[in-house]
Amino acid sequence: MKKLAVIGANKPLECFYRQAKDLGYYLIGIAYEEGAVCKKYCDKFYPVSFADKEAVLEICKKEQIAGIISFSLESALPTLIYVAQSMGLVSNSFECAKKLENKYSMRECFTANGIPNPEYKIVSCKDDLEEINIPYPCIVKPVDSGGSQGVTKVNNFNELKNAFDRAIEYSRKGGVIIEQYIDGREFSVEYISHNGKHYHLQITDKTTSGEPYFVELAHHQPAQISMDMANRIKCMVEKALTALSIENSASHTEIKLNSKGELYIIEIGARMGGDYITSDLVRLSTGYDMVKGCIELATGDFRIPEINDKYFSGIYFYSKLTPYIADIIYNSKMYPDIVASELESTQLPDTKSNADRRGYFIYRSINGKMEF
């Protein structure tokens, strides 16, 4: 039984842990004890901050791990790469880690390589907002956070100042990036890369709450786009993955298609996509088990992905903006296409980030997107 170190153990990782356990791996969890709901899946658990690279490295050496993974947890990537590179395990390089350090360094890489991405500025002090010349509307977000936390669309300077205050609270290093707003459709694109070769898995249609917070409310696979558009998206993403030196990992790319038919890379994570996109939807729509594939990549057992199935899959989230989802979850047995559901609470906060959702259901269909 191969030993797999997993960095992080909070609730969003539970779907990955459960599948890894079912696959028969010996799981060593490394995370803060508080909120570590995935501890129950671990054969051994270390209540250690994954920000402490040396401590994590010593644990992994002692346990003689075969691979290390963080599933969809992006903040763990610097430590993951440090440990893997120190132990001769499979991972991306230190060069890649530097390029992916934050949203600003990523944008700088895209710009240097001629990859279309929104105009952007980085700000760490509120007084510097006066010098921002990006036209309104624009997007304000923490330079180093995820899950739609602290993201706001603004239309004037007063809104910009308020959005800066909101974004800076979510930034680990105290930085805010201000970006040109790109209208139009949003997609995510899932790849797995091995030795610098990129294997495309799926393109996902994303439904968000729209302005001002852009909370993700639903995802559907495959995206309803032409073959030509799919090829354009894949070509752009593969160029971006190469530019970022993503060579040995999963990747989750967010991309927008504006009203003029122009594509823009929004951001890329060198990890699996969250929101059940890679844990469930990819497997349901393509037949390829991405969780298994990424673990095998980390442990040196990579096999080229085979896409055998062509189904439709998707997820709808329950929130204050989508109250009707609760009734569907309660009556899920009436819908043969629903394969999983969860209702955490009926007490709904205002929907300002992905953390404000309180349930979901997942479907798989042979007849197309499940509409409501």
Visitor: If we ignore angles and hydrogens, is there a donor and acceptor under 3.5 Å between the side chains of Gln180 and Tyr264?
Guide: no
Visitor: Please state whether the rings of Tyr316 and Phe372 are parallel, tilted or perpendicular, taking 30° and 60° as the class boundaries.
Guide: perpendicular
Visitor: To the nearest 0.5 Å, how far apart are OH in Tyr120 and CD in Glu108?
Guide: 3.5 Å
Visitor: Indicate whether the side chain of Gln202 and that of Ser285 have a donor and an acceptor atom separated by less than 3.5 Å.
Guide: yes
Visitor: Can you label the angle between the Tyr276 ring and the Phe317 ring as parallel, tilted or perpendicular, going by 30° and 60°?
Guide: tilted
Visitor: If only side-chain N and O atoms count, and only distance matters, is there a donor-acceptor pair under 3.5 Å linking Tyr191 with Glu238?
Guide: yes
Visitor: Assess whether a salt bridge exists between Glu58 and Lys53, defined as any Lys/Arg side-chain N lying under 4.0 Å from an Asp/Glu carboxylate O.
Guide: no
Visitor: Do you see a donor-acceptor pair shorter than 3.5 Å between the side chains of Asn248 and Ser91?
Guide: no
Visitor: Any chance the side chains of Tyr318 and Glu342 put a donor and an acceptor closer than 3.5 Å?
Guide: no
Visitor: Taking it one step at a time, do Arg271 and Glu74 satisfy salt bridge (charged side-chain N to carboxylate O under 4.0 Å, His left out)?
Guide: CA-CA 7 Å; Arg271 40 86 179 175; Glu74 192 155 354; 3.1 Å; yes
Visitor: Among side-chain atoms of Ser171 and Asp144, is any donor-acceptor pair under 3.5 angstrom?
Guide: yes
Visitor: For the residue pair Thr242 / His198, report whether a side-chain donor-acceptor contact shorter than 3.5 Å exists.
Guide: yes
Visitor: Quick check: do Glu190 and Ile277 have side-chain heavy atoms less than 4.5 Å from each other?
Guide: yes
Visitor: Hey, are Arg172 and Ser75 close enough side-chain-wise for a donor-acceptor pair under 3.5 Å?
Guide: no
Visitor: Would you indicate whether the side-chain heavy atoms of Thr278 and Ser72 approach each other to under 4.5 Å?
Guide: no
Visitor: Taking Lys292 first and then Asp301, would you say they form a salt bridge - that is, a charged N and a carboxylate O separated by under 4.0 Å?
Guide: no
Visitor: Is there a donor in the side chain of Asn92 and an acceptor in the side chain of Ser249, or the other way round, less than 3.5 Å apart?
Guide: yes
Visitor: Do the charged groups of Lys260 and Asp183 touch, with an N to O distance under 4.0 Å?
Guide: no
Visitor: Please say whether more than 12 non-hydrogen atoms of neighbouring residues, nucleotides or ligands are located less than 6.0 Å from NZ in Lys153.
Guide: yes
Visitor: Using a strict threshold of under 4.0 Å (side-chain N to carboxylate O), is an ion pair present between Glu179 and Arg107?
Guide: yes
Visitor: Salt bridge or not between Asp280 and Arg364? Use side-chain N to carboxylate O under 4.0 Å.
Guide: no
Visitor: Tell me, with the steps shown, if Lys141 and Thr152 meet side-chain contact (heavy atoms from CB on, under 4.5 Å).
Guide: CA-CA 7 Å; Lys141 61 178 73 170; Thr152 313; over 6 Å; no
Visitor: Angle between ring planes, His194 versus Phe302, binned at 30° and 60°: parallel, tilted or perpendicular?
Guide: parallel
Visitor: Between Glu14 and Lys11, is there a salt bridge with N-O shorter than 4.0 Å?
Guide: yes
Visitor: If you count every heavy atom of other residues, nucleotides or ligands that lies below 6.0 Å from Lys126 atom NZ, does the total exceed 12?
Guide: yes
Visitor: Heavy-atom count check: over 12 atoms from other residues, nucleotides or ligands less than 6.0 Å from Tyr32 OH?
Guide: no
Visitor: Less than 3.5 Å apart, any donor N or O on the side chain of Asp205 or His219 sitting next to an acceptor on the other?
Guide: no
Visitor: Could you tell me whether Glu101 and Lys173 have a side-chain N and a carboxylate O separated by less than 4.0 Å?
Guide: yes
